[in-house]
Amino acid sequence: MITDDMSDIFKRLMHADDVNLSVFLTAGYPNMTACGHLIELLARHPAVSFVELGMPFSDPLADGPTIQRASEIALKQGTRLDDVLSLSKQFRSICDKPLMLMGYCNPVYRRGVERFVKEARAAGASGLILPDLPYESYSRDFAEALGQEGLSMSFFVSPTSTKEGIERAFETSTAFVYGVANVGLTGDIPSMDRGDFFRGLQNHRARCPIVAGFGIATPEDVNGLTGLVDGAIVGSAFLRALEPKNESMLDTTSIVQRAEDFLEPFNLNLK
Amino acid sequence: MITDDMSDIFKRLMHADDVNLSVFLTAGYPNMTACGHLIELLARHPAVSFVELGMPFSDPLADGPTIQRASEIALKQGTRLDDVLSLSKQFRSICDKPLMLMGYCNPVYRRGVERFVKEARAAGASGLILPDLPYESYSRDFAEALGQEGLSMSFFVSPTSTKEGIERAFETSTAFVYGVANVGLTGDIPSMDRGDFFRGLQNHRARCPIVAGFGIATPEDVNGLTGLVDGAIVGSAFLRALEPKNESMLDTTSIVQRAEDFLEPFNLNLK
Amino acid sequence: MTNHPIIKRGYYGDFGGQFIPEMLRRNFEELEKAFNEAWADEAFRKEYLELMRDFVGRPTPLQKAERWSERCGVEIWFKREDLAHTGAHKINNAVGQVLLAHRMGKSHIIAETGAGQHGVATATACAWAGLPCTVFMGADDMKRQKPNVERMRLLGAEVRAAKTGSMTLKDATNEAMRFWIANPTDTHYVIGSAVGPHPYPMMVAEFHRIIGEETMTACARLDLKPTHLVACLGGGSNALGLFLPYIDQEIALVGVEAGGESLDSGRTAATIEKGSPGILHGAKTMVLQDGEGQIQEAHSVSAGLDYPGIGPLHAHLAAVGRLQTEAVSDTEALKAGMLCTRLEGILPALETSHALAWTLKAEWKGDELVLLNLSGRGDKDLETYINDHGRHV
Amino acid sequence: MTNHPIIKRGYYGDFGGQFIPEMLRRNFEELEKAFNEAWADEAFRKEYLELMRDFVGRPTPLQKAERWSERCGVEIWFKREDLAHTGAHKINNAVGQVLLAHRMGKSHIIAETGAGQHGVATATACAWAGLPCTVFMGADDMKRQKPNVERMRLLGAEVRAAKTGSMTLKDATNEAMRFWIANPTDTHYVIGSAVGPHPYPMMVAEFHRIIGEETMTACARLDLKPTHLVACLGGGSNALGLFLPYIDQEIALVGVEAGGESLDSGRTAATIEKGSPGILHGAKTMVLQDGEGQIQEAHSVSAGLDYPGIGPLHAHLAAVGRLQTEAVSDTEALKAGMLCTRLEGILPALETSHALAWTLKAEWKGDELVLLNLSGRGDKDLETYINDHGRHV
Ligand SMILES: Cc1ncc(COP(=O)(O)O)c(C=O)c1O
Ligand SMILES: Cc1ncc(COP(=O)(O)O)c(C=O)c1O
């Protein structure tokens, strides 16, 4: 159920004919400086409708190898929650695209849920995605604080979700429902018929937009979902594009250039 | 009980005032050539009353390290029972001192007891010492053959022997009783009061001479037994004297020289 | 049973829960249902118990440790889990879960392992059952525990290196979870201790309850009235196995954690003593973490205790004061293990040596009666003992 | 009992006897008397049986080997001696003899060992009893079996290198005997198999009889009517332990010898198949020897079968046709061991793998019922298996 507050922010997504592109970026990857430039790029880039900013965690058990490694590198460089928040602030200073903070429960609980939600709001974040947060914990610990601050929350549906699980995700999510477009992990090679899965969710779509994620890598992947979802998140593929393969690829300009090169073909999606 | 045949050979031992010196030599040690010279030396040497010729065995479990090693070296050089017998023959061609063949049961049984006894007799041996031969096996397998050939047999008494064990040794031995002069193995350092032990055997001595062995190394050791035993066997100490300690000690002359040097002090025992 | 009074909606007091991604939710619902049904099914119990007897070699003895008791100044009995097949209690759970997976129609087993004990136990159960088995193991651990890697391979298991994070147990667990997310329908994940999302902690504990039940039976036969139960705490499975049937009785429960180099060195695995509530591997429990909520590496000479979390049931029992926790350093554990070898002729697993070490230094009045879970044998730790022995001789 | 009908004045048929130096005669008289008295004494039996239960972990299971049976085409059950404390049947005898030595007032225990299994078992029993222990081991074997050397040392035993002869088991046995000759009064020598002078072969067999007795009890409970008993033959102790209570029954007794590289290669340990009557280590038995009566070195991939003699009781049973002997090559044994690991989740000792290998290649009608003595676990042989595995993969 989309809240009133969020309806503004995500209204565009729901009524677009095309699939809105969202890009996932791990905060502090490949380093804080480059990441600052990358978040600006995403803020300005016309192909990018909204952004997922990953909060690195030591034990990201729902992530595939690329995002794991990105978290690891970010943490090794000393990335802290404060850095995540300042990247969000930087993003918000440029644009008003939605920005979701995506991460795991423990760092959030450690910070204190209320405090964190306030800080996230202050940093201009639109909402949270916490794949390991149970619904009960959400209701007890998050719902009120998020409501007060006008932040949203997204829950997941996956091909293994039960009827009740799907019902609950659409009922509870206040931004969009994150549809797992792959049996497997972020970045994995597709191993299922996405069309079938998302067609099965259409009757819920009126209640809450659907955004597909996991295994979405190319403009074709995104376009292939036209009519079935409101948005699609590209994560691992983007991070992989940033990976420096040799010395000369280490400087910030070169990293940002690769990000631009990666996003270039997605411009075709723009009307 | 000394047999008639043997009484001739060992009569001298029994009625001597001094302790008769016997030397133990492993056949084939340190090699066949040198061993031939050594057996001649022992045959001719005035200090040596009789000889034990060791028949090398792969598993000489009643022997100390020196004799074990001598056996091992002899076997490695290919020493066979035939070589033992030919050394005995060589000895007998020079002198009429008693020569006992000392070894373990298995090679003798393997040869066939009757055949072996005949061969030993033909080679001029005086008798056998087989420390691992049980009395029952002796009675069943050896007694008759030895009797027929006029060969003797020596059994052991040791500080751990029971009264019956002592009785049986003096009853059964036909050359002398081998008195173990040490709790331990041939060549071991003395660890008991020899005097006490041999004094306890004196009342048997009329039936059969006593020869002390195990741990007898010096003229003092031998002289220390005066009045208590009829003979004493020097084994490990003799073999140790032969051991080449460097290259220049390898040739036969040098080996024989060391044997002579070793025996020299024992000449003092001679009246 | 996962509907034990201690459990409320998957929580053990304040701890536990299911902090899992949606992709695994159906698996966990299925698993809880299947386990509850199986555990209530006489036929399943019978098969499990027969395997415990014929394959695992149960019951294991309850043995009076004469010379150890003398040394400690109190009567101590050992529950001899070292005699179980593959050398530790771990096999109880591995066999139980593999039986359950078979009943659920799963065709592939996965497991995580640190030192390799649980990996070997699971590979063993899979060999017996004829089920394919994949064991995830930290790449660093694979190097350190080569023989156990080879043993798993001889048992027909595939060993996959976890190359992320610290490349140790924690990361192997992440990898196993990830594999399960990617292969949710045909696979069962055999967790190796009483950790992870509900129903694992209680299910693993139930498969180990036989330790405590046998102990009770032996005590009745021998007319023993124990005052203390002592066990080491890694994830907590051997401890819970012993404690479970005694939990409502008046008896001290002592869990001995791995202090590592020392409690305040930062190089420790004493999760309850030095940790704080957090969420790791899908459960709320006590964890070693920094101010940012990042999980820290644990440190212990004993690979089986080298885990920055603890079963949520233990976190609960400790929080409510039912469980006494103690910590023992690497050095104390090594010494105790070698002393036990010399005094009792039992080479204990280094994990177990922690429990032993505590009985050496505890202050006893002398009228107590202590049952110590001798959770495993130390063959796997021989090199560590020897190196330490060498250093001190 | 050493006054079993099979025995006449220390002989088992044509074999056995006491081919020992006079210096040891009193020890052997003492020992025979002490063992006969102890074995007839309820109190001694009770203590022994309690130790078997509480320290050793007996009874060991009799387990149906489902997948192995299927592979062999005949029903096969495993007697799980691998689950006994220290990993093999050897501990039964070590504990029994150490108890006996204690009763005799001996203050020092010695033993010989090849691969180290019996040394570890004896050191273990001595640690338990608090008796000093010296283990003789071939200098070559010490190098090859370093972990077991260290284990004995951790158990508090002194390990002495036998540097004579082939520097292996045979020579360690000689050294132990020599030490006993030098220290006859305070020392007891714990021989590790059913070999040596009377009363050892029968005494060792009696301490292992519990294997067969437990098997009988289990068969009665399970209503099994075995047609074949199968065991590997090193010195013969595990085989005799299983066979002894069945000896007068109508049942095939199969002893599997180590063929080594091949029966006719000269590199073999198949003493009954390829040997001839001779005298070794104080007993008349079948031995590997040359024409001169020199004992030859035995060769087997399995250190525990690598002995040029055999217990005289086996020599007798084979001579009178009661014991069927078979030989299995190194390669066959290695393969069988690895197959058992994969099919049953049991890593067998390489010794045991010989017995297993024979059941694979024997011609079965299919209506037989085979009990196989799974004499030990293969942890000690892991490296050998792995190297072989590597070669074939
Ligand atoms: C012998 C032994 N004891 C104890 C443990 C610790 O685990 P837990 O606390 O789950 O019993 C392990 C883990 O590997 C182990 O191998
Ligand atoms: C496991 C195992 N089985 C069998 C043997 C062979 O000895 P025996 O024939 O005395 O049982 C050994 C000897 O070390 C062994 O360790």
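Numbers restart at 1 for each chain; the letters A, B, ... are given by sequence-line order, proteins then strands. Worth saying up front: this structure is predicted, and the values here are computed from it rather than measured.
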Evaluation steps, side-chain contact (heavy atoms from CB on, under 4.5 Å), between Tyr104(A) and Ile279(C): CA-CA 9 Å; Tyr104(A) 291 80; Ile279(C) 293 147; over 6 Å; no

Relative to chain C, which segment of [X] carries a heavy atom at a distance below 4.5 Å: side chain, backbone, both, or neither?
X: Ser71(A); value: neither
X: Arg80(A); value: both
X: Val157(A); value: backbone

Pro60(A) backbone acceptor or donor facing Arg178(C) side chain under 3.5 Å: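 Such a contact is found between Arg178(C) side chain and Pro60(A) backbone.
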
Choice from Thr173(C), Asn174(C), Asp171(C), Leu24(C) maximising heavy atom contacts with chain A below 4.5 Å: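 Winner by heavy-atom pair count: Asn174(C).
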
Contact winner vs chain A - Gln289(C), Gln296(C), His281(C), heavy-atom pairs under 4.5 Å: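 Among the listed options, the one with the most contacts to chain A is Gln289(C).
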
So do the side chains of [X] and [Y] get within less than 4.5 Å of each other, counting heavy atoms only?
X: Ser276(C); Y: Arg110(A); answer: yes
X: Phe57(A); Y: Ile295(C); answer: yes
X: Glu22(C); Y: Val180(A); answer: no
X: Asp132(A); Y: Ile20(C); answer: no

What is the distance from atom [atom1] of [X] to atom [atom2] of [Y], rounded to the nearest 0.5 Å?
X: Glu29(C); Y: Glu164(A); atom1: CD; atom2: CD; result: 7.5 Å
X: Arg25(C); Y: Thr162(A); atom1: CZ; atom2: OG1; result: 9.0 Å
X: Phe19(C); Y: Leu130(A); atom1: CZ; atom2: CG; result: 11.0 Å
X: Glu72(A); Y: Thr164(C); atom1: CD; atom2: OG1; result: 6.0 Å
X: Asp63(A); Y: Ile181(C); atom1: CG; atom2: CD1; result: 9.0 Å
X: Glu292(C); Y: Asp83(A); atom1: CD; atom2: CG; result: 8.0 Å

Part of [X] within contact of chain A (heavy atom distance under 4.5 Å):
X: Gln294(C); result: both
X: Asp290(C); result: backbone
X: Glu175(C); result: side chain

Ala62(A) to Pro21(C) - nearest heavy-atom pair and separation: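 Heavy-atom minimum between the residues: CB-CG, 3.9 Å.
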
Residue pair Thr160(A) / Pro184(C): nearest heavy atoms and the distance that separates them: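 Taking every non-hydrogen atom into account, CG2-CG, 3.6 Å.
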
Contact winner vs chain C - Pro107(A), Pro56(A), Cys105(A), Gly165(A), heavy-atom pairs under 4.5 Å: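 Most pairs with chain C among the choices: Pro107(A).
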
Choice from Leu75(A), Asn106(A), Leu81(A), Asp82(A) maximising heavy atom contacts with chain C below 4.5 Å: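 Heavy-atom pairs under 4.5 Å are most numerous for Asn106(A).
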
Glu144(A) atom CD, neighbour heavy-atom count above 12 within 6.0 Å: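 Not buried by this count: 12 neighbours or fewer within 6.0 Å.
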
Worked check of side-chain contact (heavy atoms from CB on, under 4.5 Å) between Met23(C) and Phe214(A): CA-CA 12 Å; Met23(C) 297 79 98; Phe214(A) 286 48; 3.4 Å; yes

